[in-house]
Amino acid sequence: YTESEQLFRQAIDITTAFHGENHYRTASNVLYLGRSLLLQNRYEEARAAMQRALAIRESVYPPTHPTIANTLNELGSLAMREERYVDARTTFERVLSIYRSAYPGMNFRVGVAIANLGDTYLYEKDYRRAETHYREALMHYIASQGPDHLNTGIGYIKLGRALMRGGRFRDAEPEIRRGYAIVAKVAEPTVSFLQAARLDL
(Lines give C-alpha, C1' and ligand atoms only; values in the text may rest on other atoms or scores of the structure.)
Protein backbone atom coordinates (compact mmCIF):
# COMPACT_ATOMS: atom_id res chain seq x y z
CA TYR A 1 0.00 0.00 0.00
CA THR A 2 2.90 2.35 0.67
CA GLU A 3 4.21 1.79 -2.84
CA SER A 4 0.74 2.26 -4.34
CA GLU A 5 0.44 5.56 -2.46
CA GLN A 6 3.70 6.80 -3.98
CA LEU A 7 2.60 5.79 -7.48
CA PHE A 8 -0.81 7.43 -7.16
CA ARG A 9 0.81 10.63 -5.92
CA GLN A 10 3.00 10.60 -9.04
CA ALA A 11 -0.07 9.97 -11.17
CA ILE A 12 -1.86 12.92 -9.56
CA ASP A 13 1.11 15.17 -10.34
CA ILE A 14 1.07 14.07 -13.98
CA THR A 15 -2.68 14.36 -14.55
CA THR A 16 -2.81 17.69 -12.72
CA ALA A 17 0.00 19.08 -14.87
CA PHE A 18 -1.65 17.88 -18.07
CA HIS A 19 -5.40 18.24 -17.36
CA GLY A 20 -5.57 20.58 -14.36
CA GLU A 21 -6.67 20.16 -10.76
CA ASN A 22 -10.40 19.98 -11.51
CA HIS A 23 -10.39 17.35 -14.25
CA TYR A 24 -12.20 14.04 -13.89
CA ARG A 25 -8.98 12.11 -14.58
CA THR A 26 -7.29 13.93 -11.73
CA ALA A 27 -10.26 13.06 -9.51
CA SER A 28 -9.87 9.35 -10.35
CA ASN A 29 -6.25 9.31 -9.21
CA VAL A 30 -7.08 11.29 -6.08
CA LEU A 31 -9.77 8.72 -5.23
CA TYR A 32 -7.31 5.86 -5.76
CA LEU A 33 -4.92 7.64 -3.42
CA GLY A 34 -7.72 7.80 -0.86
CA ARG A 35 -8.26 4.06 -1.14
CA SER A 36 -4.57 3.44 -0.59
CA LEU A 37 -4.59 5.64 2.50
CA LEU A 38 -7.71 3.90 3.81
CA LEU A 39 -5.99 0.52 3.51
CA GLN A 40 -3.14 1.95 5.57
CA ASN A 41 -5.66 3.02 8.24
CA ARG A 42 -4.80 6.68 7.68
CA TYR A 43 -8.41 7.73 7.90
CA GLU A 44 -8.15 11.52 8.07
CA GLU A 45 -5.87 11.66 5.04
CA ALA A 46 -8.09 9.19 3.20
CA ARG A 47 -11.17 11.30 3.92
CA ALA A 48 -9.47 14.45 2.67
CA ALA A 49 -8.50 12.75 -0.60
CA MET A 50 -11.95 11.21 -1.11
CA GLN A 51 -13.72 14.48 -0.38
CA ARG A 52 -11.44 16.26 -2.84
CA ALA A 53 -12.27 13.66 -5.49
CA LEU A 54 -15.98 14.06 -4.73
CA ALA A 55 -15.79 17.85 -5.02
CA ILE A 56 -14.10 17.60 -8.42
CA ARG A 57 -16.59 15.05 -9.70
CA GLU A 58 -19.57 17.04 -8.41
CA SER A 59 -18.27 20.03 -10.37
CA VAL A 60 -18.01 17.92 -13.55
CA TYR A 61 -20.98 15.53 -13.42
CA PRO A 62 -24.68 16.00 -12.62
CA PRO A 63 -25.65 15.04 -9.05
CA THR A 64 -27.31 11.79 -10.14
CA HIS A 65 -24.35 10.51 -12.17
CA PRO A 66 -23.11 7.02 -11.15
CA THR A 67 -19.56 8.38 -10.81
CA ILE A 68 -20.79 10.51 -7.91
CA ALA A 69 -22.26 7.40 -6.31
CA ASN A 70 -19.00 5.49 -6.78
CA THR A 71 -17.14 8.22 -4.92
CA LEU A 72 -19.73 8.41 -2.15
CA ASN A 73 -19.48 4.65 -1.76
CA GLU A 74 -15.80 5.02 -0.86
CA LEU A 75 -16.68 7.65 1.75
CA GLY A 76 -19.33 5.32 3.14
CA SER A 77 -16.80 2.51 3.43
CA LEU A 78 -14.46 4.86 5.27
CA ALA A 79 -17.25 5.80 7.69
CA MET A 80 -17.85 2.09 8.34
CA ARG A 81 -14.17 1.57 9.14
CA GLU A 82 -14.41 4.45 11.60
CA GLU A 83 -17.59 2.98 13.12
CA ARG A 84 -19.58 6.06 12.13
CA TYR A 85 -22.58 3.96 11.15
CA VAL A 86 -25.18 6.74 10.96
CA ASP A 87 -22.93 8.75 8.62
CA ALA A 88 -22.28 5.63 6.58
CA ARG A 89 -25.99 4.92 6.29
CA THR A 90 -26.76 8.45 5.10
CA THR A 91 -24.02 8.16 2.49
CA PHE A 92 -25.09 4.70 1.31
CA GLU A 93 -28.71 5.88 1.05
CA ARG A 94 -27.58 8.57 -1.38
CA VAL A 95 -25.57 5.97 -3.30
CA LEU A 96 -28.63 3.73 -3.51
CA SER A 97 -30.83 6.60 -4.71
CA ILE A 98 -28.40 7.42 -7.53
CA TYR A 99 -27.98 3.78 -8.56
CA ARG A 100 -31.73 3.13 -8.60
CA SER A 101 -32.12 6.10 -10.92
CA ALA A 102 -29.19 5.17 -13.16
CA TYR A 103 -29.81 1.41 -13.28
CA PRO A 104 -33.55 0.69 -13.22
CA GLY A 105 -34.65 -2.88 -12.63
CA MET A 106 -32.41 -5.57 -11.21
CA ASN A 107 -28.76 -4.52 -11.17
CA PHE A 108 -25.81 -5.71 -9.09
CA ARG A 109 -24.75 -2.12 -8.32
CA VAL A 110 -28.10 -1.52 -6.67
CA GLY A 111 -27.57 -4.78 -4.80
CA VAL A 112 -24.18 -3.61 -3.52
CA ALA A 113 -25.68 -0.36 -2.24
CA ILE A 114 -28.51 -2.23 -0.51
CA ALA A 115 -26.05 -4.67 1.09
CA ASN A 116 -23.87 -1.80 2.27
CA LEU A 117 -26.91 -0.32 3.97
CA GLY A 118 -27.52 -3.74 5.49
CA ASP A 119 -24.00 -3.68 6.92
CA THR A 120 -24.76 -0.49 8.83
CA TYR A 121 -27.77 -2.18 10.46
CA LEU A 122 -25.77 -5.33 11.18
CA TYR A 123 -23.12 -3.40 13.08
CA GLU A 124 -25.80 -1.50 14.97
CA LYS A 125 -27.33 -4.89 15.93
CA ASP A 126 -30.58 -4.31 14.07
CA TYR A 127 -30.44 -7.83 12.67
CA ARG A 128 -33.96 -7.98 11.26
CA ARG A 129 -33.42 -4.88 9.16
CA ALA A 130 -30.00 -6.16 8.06
CA GLU A 131 -31.64 -9.44 7.01
CA THR A 132 -34.24 -7.60 4.92
CA HIS A 133 -31.54 -5.65 3.09
CA TYR A 134 -29.36 -8.70 2.44
CA ARG A 135 -32.32 -10.63 1.02
CA GLU A 136 -33.14 -7.76 -1.33
CA ALA A 137 -29.50 -7.46 -2.37
CA LEU A 138 -29.44 -11.17 -3.16
CA MET A 139 -32.39 -10.76 -5.50
CA HIS A 140 -30.45 -8.16 -7.47
CA TYR A 141 -27.29 -10.28 -7.58
CA ILE A 142 -29.05 -13.44 -8.70
CA ALA A 143 -31.14 -11.65 -11.33
CA SER A 144 -28.25 -9.66 -12.83
CA GLN A 145 -25.19 -11.84 -12.22
CA GLY A 146 -26.49 -15.34 -11.59
CA PRO A 147 -26.78 -17.74 -8.64
CA ASP A 148 -23.09 -18.71 -8.66
CA HIS A 149 -21.51 -15.25 -8.81
CA LEU A 150 -19.07 -14.09 -6.13
CA ASN A 151 -21.44 -11.30 -5.06
CA THR A 152 -24.24 -13.84 -4.62
CA GLY A 153 -22.01 -16.00 -2.42
CA ILE A 154 -21.00 -13.03 -0.29
CA GLY A 155 -24.66 -12.08 -0.04
CA TYR A 156 -25.54 -15.47 1.43
CA ILE A 157 -22.66 -15.25 3.91
CA LYS A 158 -23.86 -11.83 5.06
CA LEU A 159 -27.45 -13.02 5.31
CA GLY A 160 -26.33 -15.99 7.39
CA ARG A 161 -24.38 -13.72 9.70
CA ALA A 162 -27.41 -11.50 10.30
CA LEU A 163 -29.53 -14.56 11.08
CA MET A 164 -26.86 -16.02 13.36
CA ARG A 165 -26.33 -12.84 15.32
CA GLY A 166 -30.09 -12.56 15.70
CA GLY A 167 -30.09 -15.99 17.36
CA ARG A 168 -31.69 -17.83 14.43
CA PHE A 169 -29.03 -20.51 14.19
CA ARG A 170 -31.00 -23.15 12.27
CA ASP A 171 -31.84 -20.59 9.60
CA ALA A 172 -28.32 -19.19 9.51
CA GLU A 173 -26.28 -22.34 8.88
CA PRO A 174 -27.60 -23.29 5.42
CA GLU A 175 -27.23 -19.71 4.18
CA ILE A 176 -23.62 -19.50 5.36
CA ARG A 177 -22.81 -22.91 3.85
CA ARG A 178 -24.43 -21.96 0.55
CA GLY A 179 -22.43 -18.75 0.39
CA TYR A 180 -19.23 -20.50 1.40
CA ALA A 181 -19.60 -23.07 -1.38
CA ILE A 182 -20.04 -20.35 -4.00
CA VAL A 183 -17.18 -18.13 -2.83
CA ALA A 184 -14.81 -21.08 -2.32
CA LYS A 185 -15.07 -21.92 -6.04
CA VAL A 186 -13.64 -18.57 -7.13
CA ALA A 187 -11.54 -17.31 -4.21
CA GLU A 188 -8.52 -18.41 -2.23
CA PRO A 189 -9.19 -19.95 1.22
CA THR A 190 -7.52 -16.95 2.87
CA VAL A 191 -10.10 -14.47 1.50
CA SER A 192 -11.67 -12.59 4.40
CA PHE A 193 -15.24 -13.59 3.55
CA LEU A 194 -14.32 -17.28 3.66
CA GLN A 195 -12.45 -16.85 6.92
CA ALA A 196 -15.44 -15.04 8.41
CA ALA A 197 -17.82 -17.74 7.17
CA ARG A 198 -15.72 -20.49 8.74
CA LEU A 199 -15.67 -18.56 12.00
CA ASP A 200 -19.45 -18.10 11.88
CA LEU A 201 -20.00 -21.79 11.19
Asks: Side chains of Ser101 and Thr64: donor-acceptor distance under 3.5 Å anywhere?
Replies: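 There is no such pair between these side chains.
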Asks: How would you list all residue pairs meeting ring pair (Phe, Tyr, Trp, His ring centres under 6.0 Å) that involve residues 172-201, not counting sequence neighbours?
Replies: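 Listed by first then second residue: nothing to list.
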Asks: How would you list, by chain and number, every residue that makes a ring pair (Phe, Tyr, Trp, His ring centres under 6.0 Å) with Tyr61, sequence neighbours excluded?
Replies: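 So Tyr61 forms a ring pair (Phe, Tyr, Trp, His ring centres under 6.0 Å) with His65.
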Asks: If you compare all heavy atoms of Met80 against all heavy atoms of Ala88, which two are closest, and at what distance to 0.1 Å?
Replies: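 Reported closest heavy-atom pair: SD-CB, 3.7 Å.
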Asks: How would you list, by chain and number, every residue that makes a salt bridge (Lys or Arg N to Asp or Glu O under 4.0 Å) with Arg178, sequence neighbours excluded?
Replies: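 Expected list: Glu175.
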Asks: Answer with yes or no whether the hydrophobic clustering places Phe92 together with Tyr43; edges join I, L, V, M, F, W, Y residues whose side-chain heavy atoms lie under 4.5 Å apart.
Replies: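 The answer is yes; both residues are in one hydrophobic cluster.
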Asks: Check whether the ring centres of Phe108 and Tyr141 lie less than 6.0 Å apart, and answer yes or no.
Replies: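 That pair fails the under 6.0 Å test.
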Asks: Taking salt bridge (Lys or Arg N to Asp or Glu O under 4.0 Å) as the cut-off, I'd like each qualifying pair that reaches into residues 137-148, sequence neighbours left out, listed once.
Replies: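 Not a single pair qualifies under salt bridge (Lys or Arg N to Asp or Glu O under 4.0 Å).
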Asks: Got a sec, which residues hit side-chain hydrogen bond (donor to acceptor under 3.5 Å, both in side chains) with Arg57, two or more places apart in sequence or on another chain?
Replies: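 Scan of Arg57 (side-chain hydrogen bond (donor to acceptor under 3.5 Å, both in side chains), adjacent residues dropped) gives Ser28, Thr71.
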Asks: So do Ile157 and Ile182 actually touch side chain to side chain, heavy atoms under 4.5 Å?
Replies: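 SC-SC contact between Ile182 and Ile157 ruled out.
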Asks: Closest approach of Ala69 and Ile98, non-hydrogen atoms and distance?
Replies: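 Here Ala69 and Ile98 meet closest at CB-CG2, 3.7 Å.
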Asks: Over all heavy atoms of both residues, which pair between Ala49 and Leu37 is shortest? Give the atoms and the distance, please.
Replies: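 Heavy atoms only, the tightest pair is CB-CD1, 4.5 Å.
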Asks: For Glu21, which residues count as a side-chain hydrogen bond (donor to acceptor under 3.5 Å, both in side chains) partner, sequence neighbours excluded?
Replies: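 Result, side-chain hydrogen bond (donor to acceptor under 3.5 Å, both in side chains) vs Glu21: none returned.
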Asks: Of all residues at least two apart in sequence or in a different chain, which pass the ring pair (Phe, Tyr, Trp, His ring centres under 6.0 Å) check with Tyr134?
Replies: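 If we apply the ring pair (Phe, Tyr, Trp, His ring centres under 6.0 Å) test to Tyr134, skipping adjacent residues, there are no hits.
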Asks: Walk me through it: do Arg129 and Glu136 pass the test salt bridge (Lys or Arg N to Asp or Glu O under 4.0 Å)?
Replies: CA-CA 11 Å; Arg129 195 168 290 183; Glu136 185 180 357; over 6 Å; no
Asks: Quick one: do Leu75 and Leu117 end up in the same hydrophobic cluster if we chain Ile, Leu, Val, Met, Phe, Trp and Tyr together by side-chain heavy atoms under 4.5 Å apart?
Replies: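 Both belong to a single hydrophobic cluster.
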Asks: If we only count heavy atoms from C-beta on, is the Thr15 to His23 side-chain gap below 4.5 Å?
Replies: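 When only atoms from C-beta onward are counted, His23 and Thr15 do not touch, as no gap falls below 4.5 Å.
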Asks: Got a sec, which residues hit ring pair (Phe, Tyr, Trp, His ring centres under 6.0 Å) with Tyr103, two or more places apart in sequence or on another chain?
Replies: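 Counting only residues at least two positions away or on another chain, Tyr103 forms a ring pair (Phe, Tyr, Trp, His ring centres under 6.0 Å) with Tyr99.
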Asks: Determine yes or no for a side-chain-to-main-chain donor-acceptor pair under 3.5 angstrom, with Thr90 supplying the side chain and Val86 the backbone.
Replies: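 Checked: pair present.
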Asks: On a heavy-atom basis, which atom in His133 and which in Tyr121 lie closest, and how many Å separate them?
Replies: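 In this case the closest contact between His133 and Tyr121 is CE1-CE1, 3.5 Å.
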Asks: Does Tyr123 have any ring pair (Phe, Tyr, Trp, His ring centres under 6.0 Å) partners at least two apart in sequence or in another chain, and if so, which?
Replies: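 Counting only residues at least two positions away or on another chain, Tyr123 forms a ring pair (Phe, Tyr, Trp, His ring centres under 6.0 Å) with Tyr85.
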Asks: By side-chain hydrogen bond (donor to acceptor under 3.5 Å, both in side chains), which residues pair with Arg89, not counting sequence neighbours?
Replies: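 Per chain and number, Arg89 pairs via side-chain hydrogen bond (donor to acceptor under 3.5 Å, both in side chains) with Thr120, Glu124.
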Asks: In chain order, what residues pass the salt bridge (Lys or Arg N to Asp or Glu O under 4.0 Å) check against Asp171, with sequence neighbours excluded?
Replies: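 With neighbours one apart ignored, the set is Arg168.
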Asks: Could you work out, with side-chain hydrogen bond (donor to acceptor under 3.5 Å, both in side chains) as the rule, every residue matching Asn73, not counting sequence neighbours?
Replies: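 Applying side-chain hydrogen bond (donor to acceptor under 3.5 Å, both in side chains) to Asn73 gives Asn116.
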Asks: Compare every heavy atom of Ile68 with every heavy atom of Pro62, then report the nearest pair and how far apart it is.
Replies: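 Scanning both residues completely, I find the closest heavy atoms to be O-CG1, 3.6 Å.
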Asks: Looking at side-chain heavy atoms only, is the closest gap between Lys158 and Leu122 below 4.5 Å?
Replies: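 Side-chain contact under 4.5 Å: no.
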